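Keep in mind that this is a model prediction, so the values were computed, not measured.
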Amino acid sequence: MIQNQYDVTVCGAGVAGVAAALAAARRGMKTLLIEKTTQPGGLATGGLVLVYLALCDGKGNQMISGISEELLKVSNQYGPLDPNPHWQAGNGRYITRFSPASFVLAMDELLENAGVEIWLDTVLVKAEKQNDRLTSITVSNKSGLVDIDSKLFIDATGDADILYLSGHTCNYSENSMVLWTVEYNENAPKGGNDLNAHLHTAIHADPLENVYTREPLSGKMVTDFILESRRRYRNLLKKEYAEQTATRKTHFPVTLQTVPPIRKGRCINGLFTMTAESLFQTVEDPIGVIGDWRTEKKQWQIPYRALLPADTTGVLAAGRCISAIGDAWEATRVIPVAALTGEVAGTAAALSLRHNCLPHELPYEILREELLNVNGFKLEFD
């Protein structure tokens, strides 16, 4: 395992990291993907957030394509569900639920076919810069401490861990306490195009009182967050048992989250920071147009500069830790957008190496042409 020279090293194998690794490896880069857990997918799989949110604007128009769409389609390759085939007729949205285990198996297969080298059960512990350029990271696994030199890095950790460890000043956000569980519940409806029809389980999204914490992200905050969310779920079950509205045989947990349910922990301070005021704002370097999972009335252009840290070169951000705050962070943190920014980060890294420059120096027109010609990305507002 102590093989420490790569073209592109991606930290974090959530959907953003998977998309970044696929984009880089498919362009011929020797690519390493590092993941602290034992499976890809992040919150989508280990976090049981098993809804692949919409790739459309809610009005029958597709907005996101590329690897994000590819991941949506394969999420149930070994599972029972499919996107609504009639979404373009105004009957729903381009969205699907998925079996988390199916999604893990499908991502394993995609990464293997692309030739990505994967290190699981491997934790990032250090990031080194020379002048302003990130040059190496140190990870820990069963081999001990391993130093990894790479021509370029992609921070897809969800909380900008590479940049934070290198001394970068990050932005923080409050977090809603959310616990997703897969459980057996005889009182849950069983029917329709839902996992309930197949697994006879109920998926609880936010079964808890909607409590927010404004404590900055830290080891203690994450631990307290996880334990409190499980305590609240425990109390919910105890209440049902005491009131005899359910028993241990009719309502019980099957699977709990193995990834902390942090929605917005830490993000980079980029060359461009998306805000609520960025809504419908035309930018000079768009890498995608996204909708908002909460409403049909909001759209953003994501600028390439939001993936570039303001004070560190040799690294791009991808996923929920790109430079966005407030309402814009709510729109960019979700699965389809994370995969979009991951693909762009992997693509930009590969193009930068081809053109012998850093991602901060990559001419936008080169990236734009690649996105339009290869992936059919939507870059402009209608």
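Here the straight-line distance linking atom CZ of R93 with atom CD of Q88 works out to 13.0 Å at 0.5 Å rounding. Atom CE of M274 and atom CD of Q301 lie 9.5 Å apart (nearest 0.5 Å). The distance from the CG atom of D292 to the NZ atom of K298 is 5.5 Å, given to the nearest 0.5 Å. The distance from atom OG1 of T332 to atom CD1 of I290, rounded to the nearest 0.5 Å, is 6.0 Å. Here CG of N171 is found 12.0 Å from NZ of K264. Values are rounded to the nearest 0.5 Å. Annotation: the span from L179 atom CG to R232 atom CZ amounts to 11.0 Å, rounded to 0.5 Å.
Following chains of ILVMFWY side-chain contacts shorter than 4.5 Å, one cannot reach W329 starting from L271, and the two form parts of different hydrophobic clusters. No path of Ile, Leu, Val, Met, Phe, Trp and Tyr side chains, each step under 4.5 Å between heavy atoms, connects L120 with L105, placing them in separate hydrophobic clusters. Neither W300 nor I325 shares a network with the other; the hydrophobic side chains, linked directly or stepwise wherever heavy atoms of I, L, V, M, F, W or Y lie under 4.5 Å apart, form separate groups for each.
Summarising the geometry of A331 relative to V337, their closest heavy-atom pair is O-CG2, 3.5 Å, with the distance given to 0.1 Å. Between E380 and K378 the shortest heavy-atom distance is O-NZ, 3.3 Å. Contact between Q281 and F381 at its shortest, heavy atoms only, is O-CE1, 3.5 Å. Residues F377 and L340 approach most closely at CE2-CG, 3.8 Å, considering heavy atoms. Closest heavy-atom contact between P286 and V283: CD-O, 3.5 Å. When all heavy atoms of W180 and L50 are compared, the pair lying nearest together is CZ3-N, 3.8 Å.
Other residues, nucleotides and ligands contribute at most 12 non-hydrogen atoms within 6.0 Å of the CD atom of Q130. For N373, the CG atom is densely surrounded, since the number of other residues' heavy atoms within 6.0 Å is greater than 12. Within a 6.0 Å radius of CD in Q244, no more than 12 heavy atoms belonging to other residues, nucleotides or ligands are found.
Looking at residues two or more places apart in sequence or on another chain, you find a side chain to side chain contact (heavy atoms under 4.5 Å, CB included) between N235 and R231, K238. Legend: residues meeting side chain to side chain contact (heavy atoms under 4.5 Å, CB included) with V104, ordered by chain and number and at least two apart, are Q39, P40, T45, D108. In this structure E128 satisfies the salt bridge (Lys or Arg N to Asp or Glu O under 4.0 Å) test together with K126, sequence neighbours excluded. Listed by chain and residue number, E109 satisfy the side chain to side chain contact (heavy atoms under 4.5 Å, CB included) test with N113 (two or more places apart in sequence, or in another chain). For F252, the ring-ring contact (aromatic ring centres under 6.0 Å, His included) partners at least two apart in sequence or on another chain are Y184. A search for side chain to side chain contact (heavy atoms under 4.5 Å, CB included) contacts involving S102 returns Y78, S99, not counting sequence neighbours. Taking the salt bridge (Lys or Arg N to Asp or Glu O under 4.0 Å) definition, one finds that K297 meets it with nothing, sequence neighbours left out.
Contact check for V125 versus T138: side-chain heavy atoms found under the 4.5 Å cut-off. Put simply, the side chain of I137 reaches to within 4.5 Å of the side chain of I34, judged on heavy atoms. Looking only at side-chain heavy atoms (C-beta outward), L152 and L353 come within less than 4.5 Å of each other. Contact annotation: the side chain of Y6 never approaches that of M29 to less than 4.5 Å [non-hydrogen atoms, C-beta and beyond]. Within the 4.5 Å cutoff, the side chain of V51 has heavy atoms near those of the I95 side chain.
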Walk me through whether Y94 and E69 qualify under side chain to side chain donor-acceptor pair (under 3.5 Å). CA-CA 10 Å; Y94 191 10; E69 183 176 19; 2.8 Å; yes
From CA spacing to verdict: side chain to side chain donor-acceptor pair (under 3.5 Å), T245, E243: CA-CA 6 Å; T245 55; E243 295 175 351; 4.5 Å; no
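The side-chain hydrogen bond (donor to acceptor under 3.5 Å, both in side chains) pairs that include a residue from residues 46-60 are Y52-S68, D57-N61, where partners are two or more places apart or lie in different chains. The salt bridge (Lys or Arg N to Asp or Glu O under 4.0 Å) pairs that include a residue from residues 5-17 are D7-K151, where partners are two or more places apart or lie in different chains.
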Using residues 312-323 as the side-chain source, report each donor-acceptor pair under 3.5 Å to any protein atom, sequence neighbours left out, with the distance given to one decimal.
unit_1	atom_1	unit_2	atom_2	d
T312	OG1	K129	NZ	3.2
R320	NE	G158	O	3.0
R320	NE	R263	O	3.4
R320	NH1	I262	O	3.4
R320	NH2	D159	OD1	3.1
R320	NH2	D159	OD2	3.3
R320	NH2	I262	O	3.4
S323	OG	I268	O	3.4
S323	OG	G270	N	2.9
S323	OG	F272	O	3.3
S323	OG	T273	OG1	2.7

For residues 161-170, which side-chain donor-acceptor pairs fall under 3.5 Å, sequence neighbours excluded?
unit_1	atom_1	unit_2	atom_2	d
D161	OD1	R266	NH2	2.6
S166	OG	L163	O	2.7
H168	ND1	D311	OD1	2.6
H168	ND1	D311	OD2	3.4
H168	NE2	N269	N	2.9

Side-chain polar contacts of residues 8-24 - donor-acceptor pairs under 3.5 angstrom, sequence neighbours left out - could you list them?
unit_1	atom_1	unit_2	atom_2	d
T9	OG1	S150	OG	3.1

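Not one N or O on the side chain of T250 forms a donor-acceptor pair closer than 3.5 Å with the backbone of A246. The backbone N or O of G47 sits less than 3.5 Å from a side-chain atom of Q257, completing a donor-acceptor pair.
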